[in-house]
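What follows is a single structure, written as structure tokens, with notes after it.
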Amino acid sequence: MSRKDKDPLSSEIEAALEGVNLQEIGDGAPDGAKSGGANAGARAGASGSKLKRGTIVGISGKDVFVELGPRVQGVIAIDQFETTPKVGESFEFSLHGREEDLWVLSRREAQAVAAWDDITPGALVKARVTGQNTGGLELKVGPLAAFMPASQVGLSHESNLSSYMLQTLVCQVLEVDAGRNRILLSRRAVLEKERDEGRREAVGKFATGQVLRGKVTRVEPFGAFVALGGGVEGLVHVSNLSRRRIEDAKEFVQPGQEVEVQILEIKDGGKRVGLGMKQLEPDPWLEATHRFPADTVVSGRVTRLTEFGAFVEVAPGLEGLIHMSQLGKERVRRASDVLKSGQDVSVRVIAVEPARQRMSLSRLDARGAVLGSEEAVDASVIDEALQKNASQPSGTNLGNLFRRALRPPPS
């Protein structure tokens with residue numbers, strides 16, 4: 001299988017291990033792997049050497065005497081035991097030649113074999129950092145050599161691996177291969193688990209509808225990520241940033257900015273938290289009917305052009321639709337033929353539906369003329385003319401009053 005067919009972690013490990021000899025990390029294989037051993041009653045260790053069980057028969061100073069079988073005895077330094085052994089206790093030893101009819105014994109290889117038996121993928125172990133190279137960290141798990149690829153050291157890229165020298169780290173075992181004397185570790189897996197547990201604990205204190213303060217950590221065109229504490233991060237989608245239309249979140253918030261947000265939804269144990277900011281703003285639709293009664297003429301900005309009309313924002317958070325039939329006096333085939341996005345335009349309110357958050361608009365006045373055109377008649381001028389007619393003698397001609405009212409002012 002080629003590298004491109006392998007999973008990303010396997011590829012990372014292979015790249016990190018290029019040029020690294022795991023058997024040379026921390027002085028290589030355990031004692032006894034480089035020398036021969038006894039044959040009778042022995043078993044193979046991880047490095048291929050032999051182990052033999054013996055019983056403690058005596059202790060003299062720093063020497064411990066061991067009976068390995070009939071007329072076969074050995075000696076071992078007492079400091080190779082974690083605690084002082086007792087006469088009658090049995091242990092496994094590796095044999096390293098003879099001195100004065102006694103086998104010279106060691107427990108290091110036996111301990112290493114026991115460690116191999118205990119270490120399995122997924123297990124948590126404590127490992128001491130003993131060195132570093134371009135691919136990662138060299139460690140020891142007890143007497144065993146181990147390696148941690150650089151990508152597995154932290155949650156993010158670690159540029160200074162030397163800062164971990166001589167530290168003892170809690171790691172998760174990724175891979176164990178006793179035949180190749182290879183243990184691969186990951187600290188990142190442990191940190192991710194701790195982060196997830198912390199997130200679940202923090203999320204347990206959150207609820208939909210709750211209002212919190214957080215800090216913007218990252219901004220993308222589609223929205224802003226906000227840290228809420230406890231390792232929990234939520235997303236304010238661009239559509240939930242403000243009541244007014246926002247095309248790019250970067251125009252509205254910046255990294256590091258503190259914001260007040262409302263929790264809209266919590267999914268996947270807190271891995272996905274939906275947030276809103278516009279929900280904390282006053283709802284402009286509650287007063288829309290009073291602010292914009294029917295036939296009111298207002299100015300607005302074109303926000304979108306569609307195949308069925310144009311949307312115009314008449315106030316922050318209040319957007320209405322000019323249907324194609326209300327775009328011009330003559331038939332309009334495309335909204336883009338008469339309007340452009342971002343253009344300021346005068347519109348007449350036809351109807352407001354606060355419950356559905358809908359507003360119908362028109363570019364035409366009540367008499368069907370385009371607002372702002374020469375044909376358009378200002379309703380206030382007509383009303384003034386009618387009022388004047390009511391106060392004039394009956395012989396006054398109404399047509400003359402209209403003509404005077406509509407006559408352009410002298411230049």
Side-chain angles (χ1 to χ4, degrees), residues 1-30 33 46-47 111-203 217-218 225 227 229-233 268-272:
M1 180 171 63
S2 64
R3 176 174 293 180
K4 68 178 182 179
D5 296 326
K6 297 180 179 179
D7 63 84
L9 179 57
S10 297
S11 299
E12 288 179 9
I13 291 172
E14 288 197 6
L17 289 176
E18 286 184 3
V20 177
N21 186 347
L22 286 175
Q23 297 192 17
E24 293 178 356
I25 293 178
D27 297 327
S47 58
Q111 291 171 329
V113 171
W116 279 113
D117 292 341
D118 294 337
I119 294 177
T120 57
L124 297 182
V125 297
K126 287 185 177 181
R128 184 173 175 80
V129 180
T130 59
Q132 71 167 106
N133 55 55
T134 56
L137 296 176
E138 301 168 357
L139 308 97
K140 277 295 195 71
V141 180
L144 303 177
F147 182 73
M148 184 184 299
S151 64
Q152 298 299 308
V153 175
L155 290 173
S156 57
H157 175 70
E158 296 282 352
S159 57
N160 184 19
L161 294 179
S162 61
S163 64
Y164 288 93
M165 284 298 298
L166 303 182
Q167 289 190 33
T168 298
L169 308 176
V170 177
C171 311
Q172 180 174 308
V173 179
L174 293 180
E175 182 181 327
V176 179
D177 189 335
R180 298 166 64 186
N181 193 36
R182 168 166 156 166
I183 301 176
L184 296 179
L185 304 176
S186 171
R187 178 170 171 263
R188 186 175 76 182
V190 176
L191 296 177
E192 287 176 343
K193 184 177 180 180
E194 291 176 350
R195 181 188 62 188
D196 291 344
E197 290 176 351
R199 181 192 292 119
R200 282 193 293 270
E201 182 178 351
V203 167
T217 58
R218 182 162 55 98
F225 292 89
V232 180
E233 191 174 71
D268 299 336
K271 292 182 179 180
R272 294 175 58 193

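Residue numbers count from 1 along this sequence.
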ask   = How many angstroms lie between CD in Q167 and OG1 in T130, if you round to the nearest 0.5 Å?
value = 13.0 Å
request  = Check side-chain contact (heavy atoms from CB on, under 4.5 Å) between V170 and all other residues, then give those that pass, not counting sequence neighbours.
outcome  = K126, V190
query = side-chain hydrogen bond (donor to acceptor under 3.5 Å, both in side chains) with D196: which residues, sequence neighbours excluded?
reply = R199
query = side-chain hydrogen bond (donor to acceptor under 3.5 Å, both in side chains) with S162: which residues, sequence neighbours excluded?
reply = N160
query = Stepwise, does the side chain to side chain contact (heavy atoms under 4.5 Å, CB included) test hold for L166 with R128?
reply = CA-CA 6 Å; L166 303 182; R128 184 173 175 80; 3.8 Å; yes
request  = Report the residues that fulfil side-chain contact (heavy atoms from CB on, under 4.5 Å) with L161, sequence neighbours left out, ordered by chain and then residue number.
outcome  = Q132, L137, A150, V153, E158
query = How about R272: does its CZ atom have over 12 heavy atoms from other parts shown lying under 6.0 Å from it?
reply = no
remark   = Nearest heavy-atom contact between A189 and S186 is N-OG, 3.0 Å
task = For E233, enumerate each residue passing the side-chain hydrogen bond (donor to acceptor under 3.5 Å, both in side chains) test, keeping only those at least two apart in sequence or located in another chain.
result = T217
query = Considering residues at least two apart in sequence or located in another chain, which fulfil the salt bridge (charged side-chain N to carboxylate O under 4.0 Å, His left out) criterion with E192?
reply = R188
query = What are the two closest heavy atoms between G122 and Q172, and how far apart are they?
reply = O-CG, 3.7 Å
remark   = In this structure, CG of L169 is separated from CG of L191 (nearest 0.5 Å) by 9.0 Å
message = Could you work out, with side-chain hydrogen bond (donor to acceptor under 3.5 Å, both in side chains) as the rule, every residue matching R218, not counting sequence neighbours?
response = E220
inquiry  = Ignoring hydrogens, what is the shortest heavy-atom contact between V141 and A127? Give both atom names and the distance.
reply    = CG2-CB, 3.9 Å
request  = Give, for atom CZ of F147 and atom CD of Q152, the distance between the pair rounded to the nearest 0.5 Å.
outcome  = 10.5 Å
task = Please round to the nearest 0.5 Å and tell me the distance separating atom CG of L139 and atom CG of L185.
result = 6.0 Å
